[in-house]
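Notes to accompany the following structure.
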Amino acid sequence: MNKPIIIAIDGYSSTGKSTVAKAIAQRLNYIYVDTGAMYRAVTLFCVRNGLIDSSGKISDRLKSMLKDINIEFRKSAGSETADTYLNNENVEKEIRSIETANHVSAVSAVPEVRELLVRQQQLMGQAKGIVMDGRDIGTVVFPDAELKVFMTASPEIRTLRRFSELKAKGENVTVDEVRKNIEGRDFKDTHREVSPLKQAADAVVLDNSNMTPKEQLEWLYEKVKAICEHD
Ligand code: DC
């Protein structure tokens with residue numbers, strides 16, 4: 001496994017992409033990039049700057065303000081994972097809130113937002129040795145990635161997983177709110193005009209409805225091994 005590769009992981013909301021992506025990155029000593037966090041950070045910027053009206057429409061002013069947005073990932077001392085920073089502020093908790101989740105699909109459908117973030121993501125992957133998860137990684141960001149995974153799981157399981165996650169973080173949500181958010185995002189993410197979520201023709205499907213995180217990691221590790229041994 002000497003030659004570093006790019007691992008692109010796409011899929012529906014709350015399929016556990018980041019859990020498996022982080023685990024494989026750690027096993028291979030690769031960089032992990034959560035592109036959803038980047039779209040969520042831009043969304044938080046919009047909420048804070050009054051760029052989203054009561055009907056959920058994004059103001060055109062966002063385009064001229066994109067230059068004021070700086071997103072970084074920084075590791076906190078003693079932690080294995082990196083936190084998301086928006087203009088030097090740790091926004092890791094806020095970007096995971098249901099309010100941000102309710103607006104993120106609309107913000108991520110803005111072509112100028114996608115252009116900016118895709119460019120940054122491509123730069124992060126220049127040296128390979130990277131695991132990136134999102135919705136368009138295997139189709140748009142890295143169409144030549146050596147390994148593309150498309151993740152899915154039943155909507156019921158995804159709802160319960162995300163519900164427990166939000167509850168554990170102290171968010172005051174109901175199962176119904178979470179289900180609606182997931183269904184809404186699936187629809188918007190797969191139907192938007194620019195880079196909709198779709199399975200790349202050469203992606204392998206991972207349906208993890210009935211798999212533990214450990215089983216998923218082993219499944220993915222075998223795929224990486226097969227590619228690296230083949231080279
Ligand atoms: O992975 P996530 O649930 O944190 O992503 C949040 C939203 O960001 C998702 O509903 C759609 C958008 N997104 C995107 O459009 N493209 C990506 N590469 C990653 C996320």
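Both ligands and their constituent atoms are indexed starting at 1 by order of listing.
The shortest contact between atom 18 (N) of ligand 1 and any protein heavy atom is with D136 OD1, 2.8 Å. The shortest contact between atom 12 (C) of ligand 1 and any protein heavy atom is with S108 OG, 3.5 Å.
Ion pair K169/E171 not flagged as a salt bridge, since none of the NZ, NE, NH1 or NH2 atoms sits closer than 4.0 Å to an Asp/Glu carboxylate oxygen. A salt bridge links R158 with D186: at least one charged nitrogen is closer than 4.0 Å to a carboxylate oxygen. Using a 4.0 Å cut-off between charged nitrogen and carboxylate oxygen, E94 and R40 do not count as a salt-bridge pair.
Near S105, meaning under 4.0 Å from any of its heavy atoms, are these atoms of ligand 1: 10 (O). Residue D189 approaches ligand 1 through these ligand atoms, each under 4.0 Å from one of its heavy atoms: 9 (C), 10 (O), 11 (C).
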CA sep, side-chain torsions, deciding dist, call: S108, R135, side chain to side chain donor-acceptor pair (under 3.5 Å): CA-CA 10 Å; S108 57; R135 302 294 188 288; over 6 Å; no
Derivation and outcome, side chain to side chain donor-acceptor pair (under 3.5 Å), residues S105 and D189: CA-CA 6 Å; S105 288; D189 294 345; 2.9 Å; yes
Criterion side chain to side chain donor-acceptor pair (under 3.5 Å) on D133 and Y32, from CA distance to verdict: CA-CA 8 Å; D133 75 18; Y32 163 62; 2.9 Å; yes
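Residues E92 and T84 have side chains that bring a donor and an acceptor to within less than 3.5 angstrom of each other.
Contacts with ligand 1 closer than 4.0 Å are made by no heavy atom of K188, backbone or side chain. Heavy atoms of R185 found under 4.0 angstrom from ligand 1 belong exclusively to the side chain.
Close to ligand 1: R114, with a non-hydrogen atom less than 4.0 angstrom away.
Y12 and F187 have their aromatic ring centers separated by at least 6.0 angstrom.
Here's the thing with R40: one of its N/O atoms is less than 3.5 angstrom from an N/O atom of ligand 1. In terms of N/O distances under 3.5 Å, ligand 1 is approached by T35. The shortest N or O to N or O distance between R135 and ligand 1 is below 3.5 Å. Residue R192 places at least one N or O, backbone or side chain, under 3.5 Å from an N or O of ligand 1.
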